[in-house]
Amino acid sequence: MKILRDLSNDTTLLSLNTATVREQWNLQQIIDGCVRHEIGAISPWRDQVEECGLSDAAMRIKDAGLRVSGLCRGGMFPAADATGLQTNIDDNRRAIDEAVALGAECLVLVVGGLPEGSRDISKARDQVFDGMRAVLDHARSNQMPLAIEPLHPMYAADRACVNTMKQALDLCDRLGAGTGVAVDVYHVWWDPDLEGQIVRAGRSGQLLAFHVSDWLVPTEHMLTDRGMMGDGVIELRKIRNWVETAGYEGCCEVEIFSANNWWKKDPDQVLNTCVERHQSVV
Ligand code: ZN
């Protein structure tokens, strides 16, 4: 069995998803923070990139020597009609271009839920397939992998109708080369089939990203009450072992939405804690 990477003294494989301190800092401040805390990689959100300006953001990230473990996010395909779907497809093409400009290792897809007024989740899932197929040639010709992030089923209606690793990998198998998964422990930790599906993804090189945070008990808000690694019930090291044993060699990306806790703290303290927990519990 492959030996787990020793990260106890390493921050080069730590990536900061910029959502983690987005309430306190803009993108430039986050980049500077990563440099100060010797965090090796970043995963920015498109709205922050837009605010900074795409070429400016790309230059600043490059000058800081940061890897870009992913761009958040493309997806949100389902729409009420064909025009809406086409608008979303066009937006995903732009997201691919932005990911290329930033040197991102993948474009993370939160695929979208039900269009307003719809109860037809099967149709939404069909539209995710159609939408991804429509942008896949563009992604392939730019060597930009599309990483489907299965989201916890509580988000099926409004954010992502792809909710398990199996479902995401089945979709990847139908679409073919250039697709894979972003394994976010917050969304998939509960899945009794998680290890098996990680093994499956590893066999075909479909493990594109690994996101960490923790599941708090109780969880007070379904979107903005994620925990810092080590503060909840997810067996982080076990899952990291699974993804690395399956061949994943990329970053561990910290992604924490926390309206009442981490978003209210001094961001340098947040990054200190991310580094410390990354080394001690991830
Ligand atoms: Zn994630």
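All ligand and atom numbering here is 1-based and tracks the order in the structure.
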Count the heavy atoms of every other residue, nucleotide or ligand shown that sit under 6.0 Å from CD of Glu276, and state whether that count exceeds 12.
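Enclosed.
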
Should the heavy atoms of other residues, nucleotides or ligands under 6.0 Å from NZ of Lys62 be counted, would the total exceed 12?
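Counting other residues, nucleotides and ligands, NZ of Lys62 stays at 12 neighbours or fewer.
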
What's the atom name of the N, O or S in His211 nearest to the Zn ion (ligand 1)?
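Result: ND1.
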
Among the N, O or S atoms that Glu255 has, which is closest to the Zn ion (ligand 1)?
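Atom name returned: OE1.
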
How about Glu253: does one of its N, O or S atoms come closer than 2.8 Å to the Zn ion (ligand 1)?
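Within the cut-off used here (under 2.8 Å), Glu253 places no N, O or S atom near the Zn ion (ligand 1).
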
With respect to the Zn ion (ligand 1), please indicate if His187 possesses an N, O or S atom at a distance under 2.8 Å.
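Of the N, O and S atoms in His187, none lies under 2.8 Å from the Zn ion (ligand 1), which means no.
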
Could you pull out every donor-acceptor pair under 3.5 Å between side chains of residues 181-189 and any protein atom, sequence neighbours left out?
| unit_1 | atom_1 | unit_2 | atom_2 | d |
| --- | --- | --- | --- | --- |
| Asp184 | OD1 | Tyr186 | N | 2.9 |
| Asp184 | OD2 | Arg226 | NH1 | 3.4 |
| His187 | ND1 | His152 | N | 3.0 |
| His187 | NE2 | Arg226 | NH2 | 3.3 |

Under the salt bridge (charged side-chain N to carboxylate O under 4.0 Å, His left out) test, residues paired with Arg140 that sit two or more places apart:
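Partners of Arg140 under the salt bridge (charged side-chain N to carboxylate O under 4.0 Å, His left out) test: Asp137.
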
With the Zn ion (ligand 1) at the center, what angle do OE2 from Glu149 and OD2 from Asp184 span, rounded to 10 degrees?
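Result: 90°, to 10°.
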
Can you find a heavy atom in the side chain of Asp231 that is under 4.5 Å from one in the side chain of Met228?
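They are in contact (side-chain heavy atoms under 4.5 Å apart), so the answer is yes.
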
